[in-house]
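The structure appears right after this line, and notes come after that.
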Amino acid sequence: MGAKVSTVMSSGGASSRRGPPTDYAGPAAGRERRLDIHVFVSETGEMVAGRAWERCVWREARVLIAECPAPQLPSSIETALRRIAADVARDRGWHGTGAVAFSLDDRSGVFRVIGAEAQAHSGAMVASPDAMGAHALELRIDGCVDRRLPCTRLLVCGETRGEALRRAYRALSEMPGPAGTDRAFLMNRIASRAYCSGLTGTRLDQAVG
């Protein structure tokens, strides 16, 4: 599947965009996927665009699992996303780290820029998985014992996707306290045949109901 861009960014950046208005909206109906490319700009100006993170599992418009590299993402599309993310960072004069968010129509291969932020909120997602392992998952879990507590972020890495999924499931099962709503939901998702096969977002929801 070839990469197609529906929105070409100019020096004006990503402020003018179509689609979901904020970073917190869930995927639209159909097969829309949400992907983030993190860009690292050194003090000397050297720029590196990382692998694609996908916001794989949503619940009530909250991202519960982000994964890198994005499952079943064609290399041609990832290459295009990384190139555009670097262009956005260059146009905006970023220094340090930032992230460019994309929406991808999984059926047509058309994608668009939906946001760009100079400082990404999630420290786990900013890091390149290359230094930690070949595959990485960031899981966000509710307070479990006390729902008033902020969510917990868990970063799990593995040499393969299968190893990362097994480690994530084990880590969730071994967390102390009663299983919170998010934790039970995540364990169910991670163990599902659909997620293990690489389905994400609305495709996963349709498969597991």
Exercise. In chain order, what residues pass the ring-ring contact (aromatic ring centres under 6.0 Å, His included) check against Tyr195, with sequence neighbours excluded?
Worked result: none
Exercise. Out of curiosity, Arg34 CZ to Phe102 CZ, how far, rounded to the nearest 0.5 Å?
Worked result: 13.0 Å
For this session: May I ask you to test the Arg161-Pro71 pair for a side-chain heavy-atom distance under 4.5 Å?
Result: yes
Problem set entry | Nearest heavy atoms of Glu117 and Trp94, plus distance in Å | O-CH2, 3.4 Å
Exercise. Heavy atoms, side chains only, cut-off 4.5 Å: are Pro69 and His135 in contact?
Worked result: yes
Seminar exercise, completed: In this structure, CZ of Phe111 is separated from CG of Leu104 (nearest 0.5 Å) by 8.0 Å
Problem set entry | side-chain contact (heavy atoms from CB on, under 4.5 Å) between Ile141 and Leu154, intermediate numbers included | CA-CA 8 Å; Ile141 311 102; Leu154 178 66; 4.0 Å; yes
Problem set entry | Side-chain heavy-atom pair Arg153, Leu139 within 4.5 angstrom cut-off | no
Problem set entry | Note, Asp182 side chain near Arg62 side chain (heavy atom, < 4.5 Å) | yes
For this session: With rounding to the nearest 0.5 Å, note down the distance linking CZ in Arg183 to OG1 in Thr152.
Result: 10.0 Å
For this session: Give the intermediate values and the outcome of side-chain contact (heavy atoms from CB on, under 4.5 Å) for residues Met187 and Ser173.
Result: CA-CA 8 Å; Met187 291 177 69; Ser173 67; 3.7 Å; yes
Exercise. Would you say the side chain of Cys56 lies within less than 4.5 Å of the side chain of Leu64, judging by non-hydrogen atoms?
Worked result: no
Exercise. Is Arg203 salt-bridged to Asp106, going by a charged N under 4.0 Å from an acidic O?
Worked result: yes
Problem set entry | Shortest non-hydrogen contact from Gln72 toward Gly198 | NE2-CA, 3.7 Å
Problem set entry | Distance (rounded to the nearest 0.5 Å) between Thr200 OG1 and Glu67 CD | 8.0 Å
Exercise. Can you check whether Glu78 reaches Pro74 side chain to side chain, under 4.5 Å on heavy atoms?
Worked result: no
Problem set entry | Ion pair Arg112/Glu32, N-O distance below 4.0 Å | yes
Exercise. Quick one: salt bridge (charged side-chain N to carboxylate O under 4.0 Å, His left out) partners of Arg90, sequence neighbours excluded?
Worked result: Asp87
Exercise. Does the side chain of Cys196 come within less than 4.5 Å of Leu165's, by heavy atoms?
Worked result: yes
For this session: Could you go through the side-chain contact (heavy atoms from CB on, under 4.5 Å) check for Leu137 and Leu155 one step at a time?
Result: CA-CA 6 Å; Leu137 286 87; Leu155 181 65; over 6 Å; no
For this session: Go through the steps to decide whether Val48 and Val39 satisfy the test side-chain contact (heavy atoms from CB on, under 4.5 Å), and finish with yes or no.
Result: CA-CA 6 Å; Val48 177; Val39 182; over 6 Å; no
Problem set entry | Exercise: identify the closest heavy-atom pair between Cys157 and Ala136 | SG-CB, 4.0 Å
Problem set entry | Atom pair CD (Glu46) and CZ (Phe40), whose distance is rounded to the nearest 0.5 Å | 12.0 Å
Exercise. Which heavy atom of Ile37 sits nearest a heavy atom of Ala85, and at what distance?
Worked result: CG2-CB, 3.5 Å
Problem set entry | Distance (rounded to the nearest 0.5 Å) between Thr202 OG1 and Arg33 CZ | 9.5 Å
Problem set entry | Side chain proximity check, Leu35 to Trp53, heavy atoms < 4.5 angstrom | no
For this session: Considering non-hydrogen atoms only, spot the tightest contact between Arg140 and Leu186 and give its length.
Result: O-CD1, 3.6 Å
Exercise. Looking only at heavy atoms, what is the nearest atom pair of Ala99 and His38, with distance?
Worked result: CB-ND1, 3.6 Å
For this session: Determine, for Asp36 against Arg51, whether the closest basic-nitrogen to carboxylate-oxygen distance falls under 4.0 angstrom.
Result: no
